[in-house]
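We count ligands from 1, going down the list as the structure has it; atoms in each ligand are counted the same way. All residue numbers refer to positions in the sequence shown, counting from 1. Bear in mind that the values here come from a model prediction, so they are computed numbers and not experimental data.
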Amino acid sequence: MKGDVLSLRDLDENQIVSLLELSIFLKNQLKEEGANTKYLDGKILGMIFQKPSTRTRVSFETAMLQMGGHAINLSFNDLQLSRGESIEDTAKTLSLYVNALMARVYDHDDIEKLSRYATVPVINGLSDLFHPCQILADLLTIFEYKKRLRGIKLAFIGDGNNICNDLLLGCSKLGIDISVSTPTGFEPLDWITDIARKQSREKRSTILITSDPKEAIIDADVVITDTHISIGKESEIQHRETLFFPKYQVNNDLVRFAKKDYIFMHCLPAKRGKEVLSDIIDGPHSAVWTEAENRLHVQKALLLKQII
Ligand code: CP
Ligand code: NVA
């Protein structure tokens, strides 16, 4: 069993909780003892990027280096993939050299294929459907701020995309109530919502999908948004702006419906003035920098569980 993580479907509640516990241990250890551990001495992570990245690339590379390992950045254009070599052959070849692969792809089918043919573990560093590393960091951030996960109410406002999909899977698995508000036609996919609804029934938590952002945000402990124009959707800017803006913008008019001590999160990069105003992202409720920092700690935990 390779233990690939392509979405939060691949981890059960206990696995997520133990990853979060390990993340907290590693975060404290980094602060108290510094960066030089040898947990991954001699281990190599291959990182394939079809799309740009700041946080994912640097946090994975830093994670490997701080644990005594090494990361190789494999941009799509530098690989023979860009000249038509198949994902199958690439997966088999890279597995001969590295201990694990992390990939950021456009089409989720590509990472499924990579996972099928690689003989080493594969981690999804974002696809059009999922972003599990981000949502693990989000869960850690919520736990740090709110001291619990079960019973928390989370509102996601915006595009029913990769972030929203893994939030639905992760929250419903952990007993977090989740409300999602998107414009009509931009809801999360039915099959993902169905899995989330089934999980939430087991945990006696709630799921609401609505086109009314005020309905979603009422009494929220956590408010999350994401860009309205994900990587690859640039040709839809005009159409999307008409539908999303300003109704689905996180601003002071909207957050007054959340709990007084709500926290605001965003995976970044943010388009300030579009999905969120600077007042909010730089304001007293914002947890975005802890959220970004936590990418490093949860990915270290994930690498330790996946590679060793
Ligand atoms: N949040 C996130 O995945 O950021 P990058 O696109 O910069 O990696
Ligand atoms: N939904 C965004 C997330 C970026 C981290 C995108 O896919 O571009």
Side-chain angles (χ1 to χ4, degrees), residues 5-8 23 45-64 71 73-76 101-111 123-142 156-170 180-183 186-189 192 222-237 239-241 243-245 248-250 264-272 274-276 281 286-300 302-303:
V5 178
L6 306 191
S7 77
L8 288 192
S23 308
L45 175 73
M47 309 192 295
I48 301 174
F49 284 99
Q50 284 183 355
K51 302 176 179 178
S53 164
T54 298
R55 281 143 288 265
T56 304
R57 183 193 154 180
V58 178
S59 55
F60 264 109
E61 186 160 345
T62 302
M64 287 303 292
N73 186 36
L74 302 161
S75 114
F76 183 78
L101 286 166
M102 186 277 293
R104 169 168 285 201
V105 299
Y106 282 96
D107 185 343
H108 189 74
D109 284 349
D110 284 354
I111 198 149
I123 299 171
N124 182 0
L126 182 139
S127 65
D128 58 341
L129 288 189
F130 297 110
H131 199 1
C133 301
Q134 181 66 53
I135 306 312
L136 287 172
D138 291 4
L139 293 170
L140 177 59
T141 309
I142 296 167
F156 176 87
I157 312 292
D159 188 8
N161 62 4
N162 38 22
I163 295 292
C164 176
N165 290 337
D166 258 328
L167 272 175
L168 274 165
L169 295 177
V180 169
S181 182
T182 73
F186 290 84
E187 297 87 354
L189 296 172
I192 295 170
V222 180
V223 177
I224 303 193
T225 188
D226 181 19
T227 180
H228 298 158
I229 321 288
S230 284
I231 310 167
K233 300 289 182 196
E234 291 76 7
S235 64
E236 298 174 18
I237 288 182
H239 175 57
R240 282 173 173 259
E241 285 207 340
L243 291 170
F244 283 85
F245 188 74
Y248 297 90
Q249 182 185 70
V250 177
F264 172 75
M265 305 206 316
H266 189 311
C267 62
L268 306 176
K271 278 263 185 248
R272 289 161 180 257
K274 294 295 182 186
E275 73 272 11
V276 62
I281 200 167
S286 178
V288 297
W289 305 116
T290 304
E291 182 185 6
E293 181 196 333
N294 281 342
R295 292 291 303 274
L296 175 68
H297 309 301
V298 295
Q299 285 160 201
K300 278 186 177 172
L302 197 56
L303 288 164

| query | What residue among Leu126, Asp128, Ile48, Val105 forms side-chain contact (heavy atoms from CB on, under 4.5 Å) with Ile111? | reply | Val105
| said: When you measure from the heavy atoms of Leu268 to every atom of ligand 2, does any distance fall below 4.0 Å? | reply: yes
| query | Between His131 and ligand 2, does any nitrogen or oxygen pair lie at a separation below 3.5 Å? | reply | no
| Taking atom types as modelled and ignoring hydrogens, do the side chains of Asp226 and Asn161 form a donor-acceptor contact shorter than 3.5 angstrom? | yes
| field | Presence of salt bridge, Arg240 and Asp159, under 4.0 angstrom | value | yes
| remark: Exactly one candidate in Asp138, Leu140, Leu136 meets side-chain contact (heavy atoms from CB on, under 4.5 Å) with Asn294; the answer is Leu140
| Do the non-hydrogen side-chain atoms of Ile163 and Gln134 ever get within less than 4.5 Å of each other? | yes
| query | Which atoms of ligand 2 sit under 4.0 Å from any heavy atom of Asn161? | reply | 1 (N)
| field | Lys51 near ligand 1 by a heavy-atom separation under 4.0 Å | value | no
| message | Which residue and atom name correspond to the protein heavy atom nearest atom 3 (O) of ligand 1, and how close is it? | response | His131 NE2, 2.8 Å
| query | Is there a side-chain contact between Leu303 and Ile123, using heavy atoms and a 4.5 Å cut-off? | reply | yes
| said: Below 4.0 Å, non-hydrogen atoms only: which portion of Ile231 touches ligand 1? Side chain, backbone, both or neither. | reply: neither
| Which residue holds the protein heavy atom closest to atom 6 (O) of ligand 1, what is that atom called, and what is the gap in Å? | Arg104 NH1, 2.8 Å
| task | List every atom of ligand 2 that sits less than 4.0 Å from any heavy atom of Asp226, numbering the atoms from 1 in the order shown and giving each element. | result | 1 (N), 2 (C), 3 (C)
| field | NZ (Lys233) with more than 12 external heavy atoms under 6.0 Å | value | no
| message | Checking ring-ring contact (aromatic ring centres under 6.0 Å, His included) between His228 and each of Phe244, Phe245, Tyr248, which is the one that passes? | response | Phe244
| note | for atom 7 (O) of ligand 2, nearest protein heavy atom and its distance come out as Asn162 ND2, 2.9 Å
| message | Would Ser230 count as being in polar contact with ligand 2, using the rule that some N or O on each side must be under 3.5 angstrom apart? | response | yes
| query | Hey, what's the ring geometry for Phe186 with His239, parallel, tilted or perpendicular (30° and 60° as the breaks)? | reply | tilted
| message | Between ligand 1 and Leu126, can you find any atom pair, the residue atom being a heavy atom, that is separated by under 4.0 Å? | response | no
| Just which atoms of ligand 1 are under 4.0 Å from any heavy atom in Arg295? | 1 (N), 2 (C), 3 (O)
| field | Top protein contact for atom 8 (O) of ligand 2, by heavy-atom distance | value | Ile231 N, 2.8 Å
| message | Please tell me whether Arg104 and Ser127 have a donor and an acceptor in their side chains that are separated by less than 3.5 angstrom. | response | no
| Would Glu275 and His266 count as having a side-chain donor-acceptor pair, cut-off 3.5 Å? | yes
| Nitrogen or oxygen of Cys267 less than 3.5 angstrom from that of ligand 1 | yes
| field | Identity and separation of the nearest protein heavy atom to atom 4 (O) of ligand 1 | value | Arg55 NE, 2.9 Å
| task | Ignoring angles and geometry beyond distance, decide whether Arg57 reaches within less than 3.5 Å of ligand 1 through its nitrogen or oxygen atoms. | result | no
| Identify the closest protein heavy atom to atom 4 (C) of ligand 2: which residue and atom is it, and at what distance? | Leu126 CD1, 3.7 Å
